[in-house]
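Each chain gets a letter, A, B and so on, in the order its sequence line appears, and its residues count up from 1.
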2 protein chains.
Amino acid sequence: MTIYDIAKTCGVSIATVSRVLNGSAKVRAATRDKVLAAMEEQKYTPNPFARGLGLDSMKTVGILCTDISDAFFAKAVSLVEPNLRSRGFDVILGCTGNDPADKKKYLHLFLERHVDAIILIGSSFGEIFDHSHMVPATGKVPIFIINCNVKFPNVYCVVCDEAGGFCETAQLLAKGGYKHILYLYDRLTYSGKQKLKGLHEGLKKSKLEANPQLEIMVERTMSDAKNVVDKLLAEKKPFDAIIASEDILAIGAQKALVAAGLSMPVIGCNNSILASCSTPALTSLDNRLEALCPATVNVLLQVLEGKGKMTPSVTTFEPYLCYRDSFKKTE
Amino acid sequence: MTIYDIAKTCGVSIATVSRVLNGSAKVRAATRDKVLAAMEEQKYTPNPFARGLGLDSMKTVGILCTDISDAFFAKAVSLVEPNLRSRGFDVILGCTGNDPADKKKYLHLFLERHVDAIILIGSSFGEIFDHSHMVPATGKVPIFIINCNVKFPNVYCVVCDEAGGFCETAQLLAKGGYKHILYLYDRLTYSGKQKLKGLHEGLKKSKLEANPQLEIMVERTMSDAKNVVDKLLAEKKPFDAIIASEDILAIGAQKALVAAGLSMPVIGCNNSILASCSTPALTSLDNRLEALCPATVNVLLQVLEGKGKMTPSVTTFEPYLCYRDSFKKTE
DNA sequence: GTGAAAGCGCTAACAT
DNA sequence: ATGTTAGCGCTTTCAC
């Protein structure tokens with residue numbers, strides 16, 4: 001079933017069929033209806049490969065994340081995919097893992113496939129751009145990064161001001177009288193650095209000094225966070241509140257506190273579904289995926305429409321603290 | 001940069017270039033090396049649309065789930081995508097939501113795109129097949145369903161024996177002296193029915209009667225499960241153990257118990273990351289995604305290699321109970 | 001408003 | 001072992 005079949009049954013040329021297919025105005029109404037009817041009846045659908053060959057596009061965008069089983073990335077994809085779909089784009093997904101070489105490999109796979117655009121979710125993709133010569137393909141296809149800020153031609157960033165969020169959070173704790181904040185984090189990606197920077201700023205503004213002994217890098221697992229806090233507790237290291245760069249770490253910390261029969265403010269980040277599952281429910285800094293994702297799609301559409309020069313290269317949103325039981329709002 | 005350019009710089013025909021591209025044996029080593037070198041130097045990559053047009057395939061499989069932000073589906077995708085990728089397939093993802101009409105729409109979008117195969121994750125996709133005339137396209141492209149069992153030409157199912165798992169779980173509780181099991185579930189999909197059936201079997205084998213008053217349908221949210229259990233507790237409904245069809249419901253139930261200062265066995269299902277985040281950590285029936293997903297990919301590859309007649313239409317795995325704090329193993 | 005024909009870049013059958 | 005050529009199904013320019 002091709003454009004030729006339709007043309008034949010309608011007694012018109014394939015050019016005409018192609019025109020109605022593409023909604024071209026230059027077709028007499030009667031002709032159009034006839035063609036449309038034939039398509040309907042024969043259940044014709046255009047061959048996407050043929051169209052792709054001619055137009056050099058199949059209207060697809062590639063989405064990359066390190067691990068879709070991570071709640072944060074999964075949520076982002078769940079916000080982006082239906083949105084793009086409703087705009088007529090297909091989404092091809094890649095889970096790269098953490099190896100930079102693999103990230104680049106996926107990027108090139110997407111480019112070889114002639115996707116229309118690429119979305120990178122998570123600031124760990126910043127490392128791809130660390131050495132510009134490693135990204136030869138940049139420029140061909142616009143790239144959109146969610147939650148990372150890099151300056152590069154034809155890449156657009158949509159980020160949350162996590163530095164600001166962590167700064168305010170630290171001040172909030174300081175104001176509540178907590179002077180020894182334990183900070184747990186997993187990686188110093190762009191986002192990771194922002195958080196740490198914000199934390200330090202907040203402490204400074206509160207006339208507190210950052211204590212390197214209380215800034216601890218752990219694996220991105222609940223169990224490792226718990227073990228670390230268990231140990232700190234056993235060593236009687238003095239801290240009176242906990243902030244974590246990820247909910248999953250905060251939950252591990254929380255578990256250690258519960259096991260020790262202790263209670264102190266614990267604040268996570270991402271405001272993922274994990275936060276509400278924790279007991280006590282976790283207060284968490286919400287980095288606004290619900291805003292970042294639609295914004296990313298909007299930016300993407302603008303760029304593809306050729307309005308790249310009118311499009312901001314960085315779009316920033318403000319986070320907010322979602323209060324739950326692990327740190328209650330004070331007036 | 002096309003096959004023609006390479007041919008020209010090498011002084012050979014495009015057929016020869018195509019042959020080395022496809023690893024055909026009938027090329028002299030010297031020629032092949034020359035061509036390969038030219039490709040390397042000019043950074044040539046074949047146009048996937050042109051190839052797709054000729055072969056009617058771009059080596060893509062479509063994956064559908066209702067909601068990728070759900071931990072279960074996300075985990076499944078994270079297990080399937082890298083596997084398919086390593087076999088040279090691209091994955092296009094669709095999040096359908098729960099409306100059957102949307103599910104069908106996505107299915108047709110994939111078919112129009114000429115994917116090589118389709119994977120449906122989750123038993124709620126069984127409903128698509130309820131009325132055969134709704135699936136006109138079936139037969140064209142093989143369909144693989146994870147965790148659902150439907151009989152249909154050219155669809156292959158990979159399932160976990162959840163009925164068996166729930167049966168044994170119920171017996172286990174009965175043996176432990178728990179006679180009034182509260183069962184929380186969200187939907188009666190294929191999987192949902194299996195679970196309920198297994199529960200009833202387990203009760204019967206333990207000489208216990210199923211109590212419809214203790215089989216309660218709730219929304220698939222932690223908060224709804226918690227509210228329901230809160231209410232049951234307030235009404236002093238007698239139950240001494242809880243099983244839930246999903247971890248997230250078990251966690252809600254658990255929260256209600258904790259809030260009431262009570263403790264009793266709670267068993268979830270899926271053994272998702274949520275289970276370990278809960279406090280107390282949730283004992284959960286693991287439905288073996290780590291086995292189902294690779295198995296699905298294997299079945300898919302077999303079918304695409306034309307060995308469909310040698311491929312089982314249903315592949316079944318056994319679940320196992322992952323013990324944590326909410327129900328301890330008894331000897 | 002409609003048609004004829006070239007072209008998109010590849011694969012594969014056929015010829016040499 | 002290598003070259004020639006006819007598709008694959010669409011879009012688009014150029015005539016009419």
Side-chain angles (χ1 to χ4, degrees), chain A residues 1-39 42-60 88 90 109 111-116 140-141, chain B residues 1-39 42-60 88 90 109 111-116 140-141 304 306:
Chain A
M1 181 59 28
T2 76
I3 215 180
Y4 288 91
D5 301 307
I6 303 293
K8 195 171 295 175
T9 68
C10 293
V12 302
S13 78
I14 61 161
T16 300
V17 178
S18 177
R19 287 196 186 93
V20 341
L21 214 46
N22 294 291
S24 162
K26 312 195 167 203
V27 178
R28 203 189 319 163
T31 320
R32 175 174 39 252
D33 293 346
K34 192 169 53 178
V35 171
L36 251 18
M39 286 176 169
Q42 308 194 32
K43 300 216 171 308
Y44 165 81
T45 58
N47 182 309
F49 304 139
R51 177 175 271 177
L53 181 55
L55 302 178
D56 192 30
S57 159
M58 265 180 71
K59 292 202 78 171
T60 40
D90 273 318
L109 281 176
L111 292 168
E112 287 177 10
R113 229 194 121 101
H114 293 222
V115 297
D116 295 284
K140 280 190 192 176
V141 165
Chain B
M1 184 56 31
T2 76
I3 214 179
Y4 288 91
D5 302 308
I6 303 294
K8 194 172 294 174
T9 67
C10 293
V12 301
S13 77
I14 60 161
T16 298
V17 179
S18 177
R19 286 194 188 95
V20 340
L21 213 46
N22 295 289
S24 162
K26 313 193 168 205
V27 178
R28 205 192 317 164
T31 321
R32 173 172 43 251
D33 293 346
K34 189 170 54 177
V35 172
L36 251 17
M39 287 177 169
Q42 310 193 30
K43 298 218 175 303
Y44 164 82
T45 58
N47 182 308
F49 304 138
R51 176 175 270 179
L53 181 55
L55 301 180
D56 192 30
S57 160
M58 265 179 71
K59 292 204 78 174
T60 41
D90 273 319
L109 282 175
L111 293 169
E112 287 175 10
R113 225 193 126 102
H114 293 221
V115 297
D116 294 284
K140 280 189 195 177
V141 165
L304 289 191

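In this structure, CG of B:D56 is placed 11 Å from P of D:dC10, rounded to the nearest angstrom. Atom NZ of A:K26 and atom C1' of D:dA15 are 13 Å apart (whole Å). Rounded to whole Å, atom C1' of D:dC10 lies 12 Å from atom NE2 of B:H114.
Proximity of B:T31 to the phosphate of D:dT2: a side-chain N or O atom is located under 4.0 Å from OP1 or OP2. Taking 4.0 angstrom as the limit, B:S13 places none of its side-chain polar atoms (N or O) nearer than this to OP1 or OP2 of D:dT2. Contact check, B:T16 against D:dT2: no side-chain N or O comes under 4.0 Å of OP1 or OP2.
The structure places CD of B:Q42 at 4.0 Å from CD1 of B:I6, a figure rounded to the nearest 0.5 Å. Distance CE/B:M1 to NZ/B:K43: 11.5 Å, rounded to 0.5 Å. Atom-to-atom distance recorded for B:H114:NE2 and A:M58:CE is 9.0 Å, nearest 0.5 angstrom.
Looking at B:R51 and B:N22, their side chains do bring a donor and an acceptor atom within 3.5 Å of each other.
Between the A:D90 side chain and the A:T60 main chain, no donor and acceptor come within less than 3.5 Å of each other. A donor-acceptor pair under 3.5 Å links the side-chain atoms of A:D5 to the main chain of A:T2, judged by distance alone.
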Exercise. How does each nucleotide of nucleotides 7-16 of chain C score, in 5' to 3' order, for protein heavy atoms under 4.0 Å: base (B), sugar-phosphate only (S), or none (-)?
Worked result: -BBBBBB---
